[in-house]
Each structure stands twice: as C-alpha cells, then as structure tokens.
Visitor: 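Here it is: the structure, laid out below.
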There are 2 protein chains.
Amino acid sequence: MNESQVIEALGALAQETRLRILRFLVTKGSDGASAGEIGEAVDAASSRASFHLSTLAKAGLVTAERQSRHIIYRVDFDAMGGMIGYLINDCCKNHQDVVACCGTPKTC
Amino acid sequence: MNESQVIEALGALAQETRLRILRFLVTKGSDGASAGEIGEAVDAASSRASFHLSTLAKAGLVTAERQSRHIIYRVDFDAMGGMIGYLINDCCKNHQDVVACCGTPKTC
DNA sequence: TCAATATCTCAAGTATTATTGAAATATAGG
DNA sequence: CCTATATTTCAATAATACTTGAGATATTGA
C-alpha cells in the first residue's frame with residue numbers, strides 16, 4: 001500500500017456514515033450485507049448509502065459482489081490491515097507506544 | 001478515544017501535507033521540530049504549514065510547545081496509538097487479518 | 001414482455017476544506 | 001524602544017465532499 005492509497009483509505013473512514021458502515025460490515029464478517037440492509041442499519045437513504053459504499057469500495061476497504069438482485073458488500077480485512085500496518089510500520093516506525101495499542105485484549 | 005475523536009484524527013491524516021508532517025515529526029521523536037523547520041521539510045509556505053499543524057494539533061495527534069521564538073511540535077504517540085487501537089480493537093474487533101499487520105517486523 | 005425490486009447515477013444546492021498572500025501577534029536582542 | 005525573526009490569523013478564492021430527490025439501470029419472476 002502506497003501513500004496515496006493510504007490517504008484515500010483514511011479519507012474514506014473519516015466520515016461518520018462510512019465508519020458506521022464499516023463497523024456494521026465487520027459484524028457481518030464473510031457473509032457481508034446487501035446495500036439495502038446496510039442503508040437501513042446506518043439509517044441512510046439508498047442513494048446516500050450507495051454513494052458512501054462506492055467511496056469505501058473505491059478506497060479498497062470493501063468489496064462488492066452481485067448476487068442476483070442484491071449487491072453484497074464485505075469488509076476487505078487485508079486492506080484494513082494494510083492501511084493500519086502502514087500507519088504503524090511506515091509512518092510511526094513501530095514506535096513502542098503505538099505498537100502497544102495493537103491486538104487483543106484492548107490496551108488503549 | 002470516542003468515535004468523533006477518531007473521525008477527526010482520521011480526517012487530519014487523510015491529507016498529503018499533513019501525513020508528511022507526521023512522518024517527519026516521527027523521525028524527530030521527542031526532540032520535535034519548529035513550525036519553520038517542518039514547513040521547509042514538507043515544502044509548504046509558513047501559513048500553510050501553520051494551518052495544517054493546527055489541524056493536527058486540534059485532532060490531538062501533535063502537541064505544541066513554545067520555546068522562545070519557536071513553537072516546537074511533536075507527535076503524540078499515545079494519540080496515534082489510541083486512534084490505531086480504536087480501528088483494530090473496536091472497529092475491526094481484533095480480526096486476525098488486521099492484527100497480523102501490527103508490530104515489528106513489517107508484515108503487510 | 002411487464003411489473004416489481006434493488007441499486008446506481010446524476011444534477012443541484014449546501015457545506016467543508018485547502019491554498020495564497022497580506023497583515024497581525026509574540027518573542028528576543030541590540 | 002526598535003528591528004528582525006517566528007508563527008498565526010484573516011479574507012478571498014478554489015476545490016472537494018455531502019445530501020437529497022428524481023430518474024436510470026439491472027435482475028428476477030409472472
């Protein structure tokens with residue numbers, strides 16, 4: 001993951017509706033959820049949910065797969081890990097106070 | 001760190017000049033750097049550097065301390081860790097593919 | 001093919017954010 | 001006190017992003 005990809009991913013998450021979409025999709029795991037279900041879960045009109053989902057997909061943080069009439073979105077955990085890894089490894093040079101906040105159990 | 005603080009921090013980093021400022025300040029560690037030195041390092045006019053530094057400070061990612069004529073900025077590593085920890089722990093529920101990207105050596 | 005469902009695209013309005021240069025503030029030293 | 005240095009604030013402009021509703025596209029089943 002390069003700098004501009006990370007900037008796009010950070011910008012994608014720096015928005016309330018999109019951060020909530022991501023959190024909701026994390027709970028759905030590999031099952032994912034349809035655009036309609038997601039819009040309902042985060043209380044957004046369909047066009048608004050669609051706009052935010054495409055922003056997340058463009059940033060590579062979610063994947064989209066059509067299943068008959070529905071389009072199923074899923075978190076791309078590798079992309080999330082790539083973005084977070086860039087912040088920790090590349091930006092913060094694995095500074096101990098940053099690394100201390102990773103993993104289970106919650107430490108920060 | 002709560003949701004809106006994380007959103008502000010993510011937004012602060014989702015900008016080229018500011019991400020570069022952060023990376024530069026990480027290399028400076030606890031010494032920090034003055035606004036002028038930072039502006040020069042990231043090739044930004046003083047008013048622009050000041051604007052971006054205040055955005056980072058408002059988001060809590062850097063601290064500012066006046067030392068005679070200079071204002072010394074430093075990365076707040078705890079805040080960085082808090083933001084990253086929120087993404088890993090709270091948003092991604094410590095999903096293994098995300099946690100795998102943390103720490104030394106670089107794995108993602 | 002037609003109707004229903006699911007989702008996306010588009011345009012308009014609004015809001016937020018970034019850039020620039022000029023002016024203002026704060027500090028230190030002569 | 002005056003000047004030089006360091007940094008911020010302000011105003012104007014430009015660019016980008018968000019929301020909304022209407023209309024377009026895609027898919028399925030009757």
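In this text the structure is predicted, and so the values were computed from the model without any measurement. Chain identifiers are assigned alphabetically (A, B, ...) following the order of the sequence lines, protein sequences preceding nucleic acid strands; residue numbering begins at 1 within each chain.
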Visitor: Run the side chain to side chain donor-acceptor pair (under 3.5 Å) test against Glu65(A) and tell me which residues pass, sequence neighbours left out.
Guide: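 So Glu65(A) forms a side chain to side chain donor-acceptor pair (under 3.5 Å) with Arg74(A).
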Visitor: Without decimals, in angstroms, what is the distance between His70(A) NE2 and dC8(C) C1'?
Guide: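 After rounding, the gap between these two atoms is 15 Å.
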Visitor: Just how far, in rounded Å, is P of dT16(C) from CG of Leu10(B)?
Guide: 19 Å
Visitor: Measure the distance from CG on Leu13(B) to P on dA18(C) and round it to the nearest whole Å.
Guide: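 To the nearest whole Å, that distance equals 12 Å.
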Visitor: Decide yes or no for Cys91(B) and Val26(A): does some side-chain heavy atom of the first lie under 4.5 Å from some side-chain heavy atom of the second?
Guide: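 No - every pair of side-chain heavy atoms lies 4.5 Å or more apart.
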Visitor: For Glu8(B), enumerate each residue passing the side chain to side chain donor-acceptor pair (under 3.5 Å) test, keeping only those at least two apart in sequence or located in another chain.
Guide: Lys58(B)
Visitor: Can you tell me how far C1' of dA18(C) sits from CG of Leu19(B), to the nearest Å?
Guide: 16 Å
Visitor: Which of residues 22-42 of chain B have a heavy atom under 4.0 Å from DNA chain C?
Guide: none
Visitor: Please identify each residue that fulfils side chain to side chain donor-acceptor pair (under 3.5 Å) with Asn2(B), with sequence neighbours left out.
Guide: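 With neighbours one apart ignored, the set is Ser4(B).
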Visitor: Taking side chain to side chain donor-acceptor pair (under 3.5 Å) as the test, write out the residues that go with Glu16(B), two or more places apart.
Guide: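 Only Arg20(B) meet the side chain to side chain donor-acceptor pair (under 3.5 Å) criterion with Glu16(B).
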Visitor: Going by number, which of residues 56-63 of chain B have a non-hydrogen atom under 4.0 Å from DNA chain C?
Guide: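 The stretch gives none, as no residue of it lies under 4.0 Å from the strand.
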Visitor: So how far is it from Leu10(B) CG to Arg18(A) CZ, rounded to the nearest 0.5 Å?
Guide: 11.0 Å
Visitor: Does Val62(B) form a side chain to side chain contact (heavy atoms under 4.5 Å, CB included) with His52(B)? I'd like the steps, not just the answer.
Guide: CA-CA 11 Å; Val62(B) 306; His52(B) 288 305; over 6 Å; no
Visitor: Within the pair Tyr73(B) and dT8(D), is there a side-chain N or O less than 4.0 Å away from OP1 or OP2?
Guide: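 True: Tyr73(B) side-chain N/O within range (under 4.0 Å) of dT8(D) OP1/OP2.
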Visitor: Using distance only, find each side-chain donor-acceptor pair of residues 27-38 of chain A under 3.5 Å and give its atom names and separation, not counting sequence neighbours.
Guide:
from	atom 1	to	atom 2	distance (Å)
Thr27(A)	OG1	Phe24(A)	O	2.5
Lys28(A)	NZ	Glu37(A)	OE2	3.0
Ser34(A)	OG	Glu37(A)	N	3.2

Visitor: How far does OG1 of Thr55(B) sit from CD1 of Ile21(B), to the nearest 0.5 angstrom?
Guide: 9.0 Å
Visitor: With salt bridge (charged side-chain N to carboxylate O under 4.0 Å, His left out) as the rule and sequence neighbours excluded, what pairs involving residues 40-55 of chain B come up?
Guide: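 For residues 40-55 of chain B: none.
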Visitor: Would you please name every residue forming a salt bridge (charged side-chain N to carboxylate O under 4.0 Å, His left out) with Lys93(A), sequence neighbours left out?
Guide: none
Visitor: Where are the stems of DNA chain C, defined as at least 3 consecutive Watson-Crick or wobble G-U pairs with both distances under 3.5 Å?
Guide: C:1-30 with D:1-30
Visitor: Does the protein touch nucleotides 13-28 of chain D at the base, only the backbone, or not at all? Give it as B, S and - per nucleotide, heavy atoms under 4.0 Å.
Guide: -----SBBBB----BB
Visitor: Going by the rule ring pair (Phe, Tyr, Trp, His ring centres under 6.0 Å), which residues pair with Phe77(B) if we only count those two or more places apart in sequence or in a different chain?
Guide: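 Per chain and number, Phe77(B) pairs via ring pair (Phe, Tyr, Trp, His ring centres under 6.0 Å) with His95(A).
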Visitor: Could you go through Asp90(B) and Val6(B), starting from their C-alpha distance and side-chain angles, then the distance that decides it, and tell me whether this counts as side chain to side chain contact (heavy atoms under 4.5 Å, CB included)?
Guide: CA-CA 11 Å; Asp90(B) 189 289; Val6(B) 169; over 6 Å; no
